[in-house]
Undergrad: 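Pasting a structure below so you can have a look.
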Amino acid sequence: MSAIRLENLDISYGETRITHGISLDIAEGESFALVGESGSGKSTVLRAIAGLAPEWTGRIELLGRPRGHGIDKAKVRDCQMVFQDPYGSIHPRKTIDATLSEPLAIHGFGNRDERVEEMLKAVGLDRRFRFRFPHQLSGGQRQRVAIARALMLEPRILLLDEPTSALDVSVQAEILNLLKRLRREQNLTFLLVTHNLPVVSFLCERLAVMRQGRIVEVANVDQLKKGAFAEPYSRELFTASGGV
Amino acid sequence: MSAPLLELENLRVSFPTAHGRVEVVKGISFTLGRERLGIVGESGSGKSMTGRSILKLIRSPGKVTADRMTFDGVDLLGQSERQMRAIRGARISMVMQDPKFSLNPVMTVGDQIAEALRFHARLSKGERKARVLSMLEAVRIDDPERVSRLYPHEVSGGMGQRIMIAMMLIPEPDLLIADEPTSALDVSVQSQVLDIIDDLIRTKGMGLIFISHDLNLVSRYCDRILVMNSGRVVEECAASELADASHPYTRGLLAAMPRLDETREELPVLDRASWGGT
């Protein structure tokens, strides 16, 4: 079964059409990347799947079932998102405990105390961080909290929007390792948006190159490692990332 | 090599906190000729503070001390604010990270670039305009006539950064400090902007200090590299020998970066205890 299926997806913000006829099929358990320059529409695709960009036409299917345009509690449980900037995506006046418990309360999960404790352990945060505020944490620790928050509802799909581009290289390595391990342990499907090709090479199996709201090329990671792209634009991105 | 352009000895920068003064740069020394020097480090390593202190841009209560800080024979520490203004821009200039916040939003691009010339050189209006247009051409902007009449919000990030480079290079400084000049830009635009800087530096025979967190980028565009960690230089090497770096911090940084042809199952994580750093 495919985890995410997009068919002829056109997304608009008001009058402006952002993407044009995006079609993708991502299998369950797969790790897929959308790459491209700023303004190529890659983040917008993610936002539409998450329900944050409701003006679209076409079809979005999650785990075999189509999603509507509104907020859908069942879809929220299946599919969660991690944002780029850990400084902006966590509520500054809530403790880590409150941030992680909130989705559980909304969706009526029991055992909240144990679930929070367990999740902190899973993302490699010491339990002493549980009752702290975001400003008392470093960028890497905050991104761990953001990942923990996304995983609280035990989703099967994780949408990742540039999850490491605001972090230092050494911290990036820790977060990338964490994501890889969590995916293996929980059999998650990843849809990752990034402009960093080496990150794709580490974390993903396939990628789609986007430009001006269209998919230019879908390739697998072996092609990426060798730079064996069919389209000149993909090769351009490859050389700009230091590939030869 | 001719006499060095810039000499720094035991540079220290400190800021007061509730627990006394904290040093963010802890005694670094280097000399720079007309060459390309890269300063690499993670957030909080003091690399930007080093760049800013050369231009004396650190305001009170921050404090800069050094045993020696000379630029082309001039003692920078002894310069008054007024004398510094004649050096800043004209002899040493700095390209900042984000063009969105560093350009004046209510002034056209052409006027902003010309402002630097008006301040540092006596030229007629016509000569000034010609210089601005040829500078815009040098940073590879098509149709400079049209672009010079635009406001910053009407240009893209990559173009904004090229405009800033044009502005910084038009008074023909001897030293350019580029503090993360491309980290707000896309990869594809990044190399274009760096190629332009590189080209201009070579043809004009200037010195360059390239401050960045990106080891690969720095090694591609510099001759020599300083690696900084918590306010100290932990490693100094030729850019071509970066792969043979010996300090555990540098080695750790290199290993932690994913590669285009990545095959490792897990990325090695810095063991911060091994060199007693942060």
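So you know, we letter chains A, B, ... as the sequences are listed, proteins then strands, and number each from 1.
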Undergrad: I need the minimum non-hydrogen distance between B:D261 and A:K225, along with the two atoms involved.
TA: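 Smallest heavy-atom distance, with atoms named: CA-CG, 3.7 Å.
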
Undergrad: More than 12 foreign heavy atoms under 6.0 Å from CG of B:D142: is that the case here?
TA: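 No - once you tally the heavy atoms of other residues, nucleotides and ligands closer than 6.0 Å, there are 12 at most.
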
Undergrad: Measure across A:S170 and B:A256 and return the closest heavy-atom pair with its distance rounded to 0.1 Å.
TA: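 Answer, listing the atom of A:S170 first, then B:A256: CA-CB, 4.3 Å.
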
Undergrad: Indicate yes or no for a side-chain donor-acceptor contact from A:S201 to the backbone of B:E262 under 3.5 Å, with no hydrogens or angles considered.
TA: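 Yes, the answer is positive, given that a donor and an acceptor are paired below the 3.5 Å cut-off.
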
Undergrad: Please state whether the side chain, the backbone, both or neither of B:R220 comes within less than 4.5 Å of a heavy atom of chain A.
TA: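 For B:R220, the contact with chain A is made by the side chain alone.
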
Undergrad: Do B:E265 and A:K180 make a side-chain contact, defined as non-hydrogen atoms from C-beta onward lying under 4.5 Å apart?
TA: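 B:E265 vs A:K180: side chains touch.
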
Undergrad: Go through the atoms of A:E236 and report whether side chain, backbone, both or neither lie under 4.5 Å from a heavy atom of chain B.
TA: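 No part of A:E236 comes within 4.5 Å of chain B.
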
Undergrad: Hey, what do you get for CD1 (A:I175) to CG (B:L267), rounding to the nearest 0.5 Å?
TA: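 A:I175 atom CD1 to B:L267 atom CG measures 12.0 Å (nearest 0.5 Å).
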
Undergrad: Sort out for me which of A:V169, A:V221, A:V199, A:N177 touches chain B most, counting heavy-atom pairs under 4.5 Å.
TA: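 The answer is A:N177.
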
Undergrad: Measuring from B:T263:OG1 to A:F202:CZ, what's the distance to the nearest 0.5 Å?
TA: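 Rounded to the nearest 0.5 Å, the OG1-CZ separation comes to 10.5 Å.
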
Undergrad: When you look at CZ of A:R127, are more than 12 heavy atoms from neighbouring residues, nucleotides or ligands closer to it than 6.0 Å?
TA: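 No.
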
Undergrad: Please list, chain by chain and in numerical order, all residues satisfying salt bridge (charged side-chain N to carboxylate O under 4.0 Å, His left out) with A:R235, sequence neighbours excluded.
TA: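 In terms of salt bridge (charged side-chain N to carboxylate O under 4.0 Å, His left out), with neighbours along the sequence ignored, A:R235 is linked to no residue.
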
Undergrad: Can you tell which part of B:S191 gets under 4.5 Å to a heavy atom of chain A, answering side chain, backbone, both or neither?
TA: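 Interface part for B:S191: side chain.
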
Undergrad: Flag yes if more than 12 heavy atoms outside A:R142 fall under 6.0 Å of its CZ atom; otherwise flag no.
TA: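 It does: A:R142 CZ has more than 12 such atoms within range.
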
Undergrad: B:E266 versus chain A, heavy atoms under 4.5 Å apart: side chain, backbone, both or neither?
TA: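 The answer is both parts of B:E266.
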
Undergrad: Which bit of A:L197 is near chain B, if near means a heavy-atom gap under 4.5 Å: side chain, backbone, both or neither?
TA: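 Contact with chain B is through both the backbone and side chain of A:L197.
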
